[in-house]
Novice: 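Below is a structure I'd like to ask you about.
Each chain gets a letter, A, B and so on, in the order the sequences are listed, and its residues count up from 1.
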Protein chains: 2
Amino acid sequence: MNASINNIRNKIAEKGLKVTPQRMSILEAIYNLENHPTVEQIIEFIRKKHPNIATGTVYKVLDTLVSNDLVKKVKTEKDIMRYDGLIENHHHLYCVVCDHIEDYMNAELDEILKRFFEENKIDNFIIEDIKLQINGRFIIHKNVNR
Amino acid sequence: MNASINNIRNKIAEKGLKVTPQRMSILEAIYNLENHPTVEQIIEFIRKKHPNIATGTVYKVLDTLVSNDLVKKVKTEKDIMRYDGLIENHHHLYCVVCDHIEDYMNAELDEILKRFFEENKIDNFIIEDIKLQINGRFIIHKNVNR
DNA sequence: TTTTAAAAGAGAATGATTCTCATTAAAGAA
DNA sequence: TTCTTTAATGAGAATCATTCTCTTTTAAAA
């Protein structure tokens, strides 16, 4: 998932948001960092080119990006927020060993779930979306982030 | 899900843990409070009968209960930890309106998922368990906790 | 180029959780 | 029952991710 500078600029502008260097580089960071980065990792990445960005700004920009559907929040067991540049509804693989999170999408699975819950309505509850948290372990660990 | 005093005592003793009044009342609180209580709600409940319990003790006891499989941690969108007295593998309904969390168990669903992932192995990943986060809204809101 | 509302910066404040260390108590041994 | 030992609790300080406040800066429209 990479996006050119102009691509990133457009994504921000399309939402009617002001295009600032801070917003650009935060979105760029999320697209470049694999494994659903933490705020800390995002800040570390950005400071290479933009050493003076304020922590509060990063949090504020992330909130803006999330509420404009440019980024999603991902919560882990570990209780630190992480961010995901993939916007479409999808599931997550969580490695219990190395903390790596991988996106998982499968249309057939979503169809099966949809059908199941059509046939098995939940009393007093209207489903909006379903996310699977698939816990397990990677056989070959890729990039261990922490 | 209610349990008698002796029942609670046994659950703690069976794990080889010392039976303390603090552990007893925290486990009792989780069984009695509906809707996957927060630490704050657990403390509030306990202080009625046990006004001097220390906050740190509650956190420590909860960790002990979690690592001994007497209680599970549940994380919500709102990023405050909540606790669940239901130990068996199960799914959660999250109400996006009222923050109510309800346990959901369905053996047929688990079977369908098991079969799906047997037929659709994920490259480089061994699944240990799968949890559904079913987001939606209750038609009739029950006990709104906050 | 000017204007202005929105965004960013700096750093203090917040608040859930963890840590430290002295005191207390559970549970097995005597 | 009493003693002993080890683990648990209490009290409050410390931590640290996140939020807030308020001033300064800047994007973008006029």
Novice: Measure CE/B:M81 against C1'/D:dC16 and give the value in whole Å, please.
Specialist: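 About 15 Å, once rounded to whole Å.
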Novice: Starting from the C-alpha separation in whole Å, work towards a yes-or-no answer on side chain to side chain contact (heavy atoms under 4.5 Å, CB included) for B:L86 and B:M105.
Specialist: CA-CA 11 Å; B:L86 182 63; B:M105 302 180 86; 3.9 Å; yes
Novice: Nearest whole Å is fine: how far is D:dT18 C1' from A:R82 CZ?
Specialist: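 So the two atoms are 18 Å apart, to the nearest Å.
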Novice: Need to verify one output field. Residue with the more 5' nearest nucleotide on DNA chain D, B:P21 or B:G56?
Specialist: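 Going by which nucleotide is closer to the 5' end, it is B:P21.
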Novice: Angle class for the A:F117/B:Y104 ring planes (parallel below 30°, perpendicular above 60°, tilted otherwise)?
Specialist: tilted
Novice: Which of these nucleotides, D:dA28, D:dT9, C:dG9, is closest to any side-chain atom of A:A54?
Specialist: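 So the nucleotide nearest the side chain must be C:dG9.
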Novice: Where the side chain of A:V39 is defined as all heavy atoms beyond and including C-beta, which of C:dA8, D:dA8, D:dT18 is the nearest nucleotide?
Specialist: D:dT18
Novice: Given D:dT19, is OP1 or OP2 found less than 4.0 Å from the side-chain N or O atoms of A:Y59?
Specialist: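 For D:dT19, OP1/OP2 do not have a side-chain N/O of A:Y59 under 4.0 Å.
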Novice: Below 4.0 angstrom from OP1 or OP2 of C:dG9, is there any side-chain N or O of A:Q22?
Specialist: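 Answer yes for this pair, as a side-chain N or O of A:Q22 is under 4.0 Å from OP1 or OP2.
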Novice: Whole angstrom is fine here: how far is it from CD in B:E14 over to P in C:dA27?
Specialist: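 After rounding, the gap between these two atoms is 14 Å.
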Novice: So which nucleotide from D:dT18, C:dA8, D:dA28 ends up closest to the side chain of A:T55?
Specialist: D:dT18
Novice: Nearest to the side chain of A:D63, which nucleotide is it out of D:dT19, C:dA7, C:dT18?
Specialist: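 The listed nucleotide nearest to A:D63's side chain is D:dT19.
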Novice: Could you tell me how far apart A:I53 (CD1) and C:dA10 (P) are, to the nearest whole angstrom?
Specialist: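 These atoms are roughly 11 Å apart.
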Novice: Measure from CE on A:M24 to P on D:dA27 and round the result to the nearest Å.
Specialist: 12 Å
Novice: Taking for each residue the nucleotide of DNA chain C with the nearest heavy atom, is it A:N52 or B:T20 whose nucleotide lies nearer the 5' end?
Specialist: A:N52
Novice: Let me know, please, whether B:H50 or B:K18 comes out on the 5' side of the other along DNA chain D by nearest nucleotide.
Specialist: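 Nearer the 5' end of the strand: B:K18.
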Novice: Rounded to the nearest Å, what distance is computed from the CD atom of residue B:E40 to the P atom of nucleotide C:dA16?
Specialist: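 About 6 Å, once rounded to whole Å.
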Novice: Take atom CD of A:E44 and atom P of D:dA17, then tell me their distance rounded to the nearest Å.
Specialist: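 Rounding to the nearest Å, CD of A:E44 and P of D:dA17 are 13 Å apart.
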Novice: Is there a donor-acceptor contact under 3.5 Å from the side chain of B:D84 to the main chain of B:K72?
Specialist: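 Not confirmed, B:D84 side chain does not pair with B:K72 backbone.
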Novice: More than 12 foreign heavy atoms under 6.0 Å from CD of B:E128: is that the case here?
Specialist: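 Result for CD/B:E128: enclosed.
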Novice: What is the ring orientation for B:H36 with B:H92, classed by angle as parallel under 30°, tilted 30 to 60°, or perpendicular over 60°?
Specialist: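 The arrangement is perpendicular - the two ring planes meet at more than 60°.
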Novice: Taking atom C1' of D:dT9 as reference, at what distance in whole Å does atom CG of B:L17 sit?
Specialist: 15 Å
